[in-house]
2 protein chains.
Amino acid sequence: MVRAGKLSLDDLKTQLRDADLRATAPRLAVLRCLHEADTPVSHAELADKLAPEGWDRATVYRNLNDLTDAGLARKRDLGDHVWRFELLRASDTHGDAHPHFVCDECGEVSCLPEGSVEIKTTRNTPVRLKERVHEIQLKGRCERCN
Amino acid sequence: MVRAGKLSLDDLKTQLRDADLRATAPRLAVLRCLHEADTPVSHAELADKLAPEGWDRATVYRNLNDLTDAGLARKRDLGDHVWRFELLRASDTHGDAHPHFVCDECGEVSCLPEGSVEIKTTRNTPVRLKERVHEIQLKGRCERCN
DNA sequence: CGCGGATTTGCAAATGAGTTGAAGATGCAA
DNA sequence: TTGCATCTTCAACTCATTTGCAAATCCGCG
Ligand SMILES: [Mn+2]
Ligand SMILES: [Mn+2]
Ligand SMILES: [Zn+2]
Ligand SMILES: [Zn+2]
């Protein structure tokens, strides 16, 4: 079982092979970065971060998609027209993920605790909305920009 | 005052001139379509819709941005990497808009009634989150795809 | 260990939505 | 009407994303 904070190289390799992916060096680097990140990461950010280690943008790009296809990560647009990738973590209980917040002003992304946003049922709310919602995104001003 | 459902050409012209925009034919067409739409509209959709009337994609594009800059419309990404434009309506009370729902499966966009989503404050919710949120986006399966 | 076939990488090039330049057309205030 | 600023059009450009392909590599198997 892979746990946050204490990931050996072997843990990462195991995680990849369990997902039927080869444990190549650039793929391990991408997976490691996703584990280290505490918010979703864009391809551009990750490609820039891994360029010094010698990994190609296209390789990073394909690996992000591979991890997503394999079900290890999710690819999302948090409402600012940027694709971001985030590891699926055990802390996201039902398979439903925690809400995200993006600052209109500075673009900062933050992860909110599960349950901090509630779907209310009012007279004209569509039927069973709550059960149908799998993802919640908020936009506004962050504490710093407010 | 411009009201939904009953917009004469003169109403549209007035709305543009009040916003310091010239009332040109393509601009009136764009504004009319936004009024007729009951969900946010993408540039591609509107350009396709207006092409038969003879209006150019770049003209539609610039007009959507003009209307946005003038404060008549909002430009948003509802979480599916598509820019959509929506008229600012009086029914959006505080300047805060109603929440939106996008279907993961078919891409259908729908507008939800204001107040159908609530920001809950729990022990580890960031401070004053509720006051800082200006926009709420939900994703999931629509009734049809569910 | 070493092989061999399937997967993956790296570089370069294609793609395409989004955006812009520029010349001519149009709106509108005077 | 006229004059000028604004707007439209069409073509061209930008640039992040996505793909093609030959060479490198992974890893199950002998
Ligand atoms: Mn998150
Ligand atoms: Mn709406
Ligand atoms: Zn901010
Ligand atoms: Zn649907």
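Fair warning: this is a prediction, and the values are worked out from it, not measured in the lab.
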From CG of Leu16(B) across to C1' of dG27(C) the rounded distance in Å is 12 Å
Quick one: Asp80(A) CG to dA16(D) C1', roughly how many Å, whole number? 14 Å
Asp48(B) CG to dA17(C) P, in whole Å, measures 10 Å
Hydrophobic cluster membership, Val109(B) vs Val133(A), 4.5 Å side-chain cutoff: no
Tell me whether Val102(B) is reachable from Val41(B) by hopping between hydrophobic residues (I, L, V, M, F, W, Y) whose side-chain heavy atoms are closer than 4.5 Å. no
Round to a whole Å and report the spacing from CG of Leu12(B) to C1' of dG27(C). 17 Å
State which of dG10(C), dT19(C), dT9(D) makes the closest approach to the side chain of Thr59(A). dG10(C)
What is the ring orientation for His43(B) with Tyr61(B), classed by angle as parallel under 30°, tilted 30 to 60°, or perpendicular over 60°? perpendicular
Does any donor atom in the side chain of Thr14(B) or Asp11(B) lie under 3.5 Å from an acceptor atom in the other side chain? no
Walking DNA chain C from its 5' end, the first of Asp56(A) and His81(A) to be reached, judged by nearest nucleotide, is Asp56(A)
When all nucleic acid strands are considered with a 4.0 Å heavy-atom cut-off, which category describes Trp83(A): base, sugar-phosphate, or nothing? nothing
With respect to the side chain of Arg62(B), which nucleotide from dT8(C), dA22(C), dT19(C) is positioned closest? dA22(C)
Regarding Thr24(A), tell me which of base, sugar-phosphate or nothing describes its non-hydrogen contacts under 4.0 Å with the strands shown. sugar-phosphate
Phosphate-side-chain proximity, Arg57(A) and dA16(D), N/O vs OP1/OP2 below 4.0 Å: no
In terms of side-chain heavy atoms of Tyr61(B), which of dT18(D), dT9(C), dT19(C) is nearest? dT19(C)
Closest nucleotide of DNA chain C for Pro26(A) versus for Arg22(B): which of these residues is on the 5' side? Pro26(A)
Nucleotide dT9(C), atom P - distance to CG of Leu28(A) in whole Å: 10 Å
In this structure, how many angstroms lie between the P atom of dT8(C) and the CG atom of Asp69(A), rounded? 11 Å
Nearest whole Å is fine: how far is dT8(D) C1' from Leu67(B) CG? 15 Å
Hey, does Ala23(A) reach any base, or is it just sugar-phosphate, or nothing, if we go heavy atoms under 4.0 Å? sugar-phosphate
What nucleotide, of dT20(C), dT8(C), dC27(D), holds the atom closest to the side chain of Leu21(A)? dT8(C)
Figure out the NZ/C1' separation between Lys13(B) and dT6(D), and round it to whole Å. 16 Å
Ignoring backbone atoms, test whether His43(B) places a side-chain nitrogen or oxygen under 4.0 Å from the OP1 or OP2 oxygen of dA17(C). no
Is any side-chain nitrogen or oxygen of Asn63(B) closer than 4.0 Å to OP1 or OP2 of dT8(D)? yes
Member of Leu21(A), Leu12(A), Leu7(A), Asp66(A) meeting the side-chain contact (heavy atoms from CB on, under 4.5 Å) criterion with Leu31(A): Leu12(A)
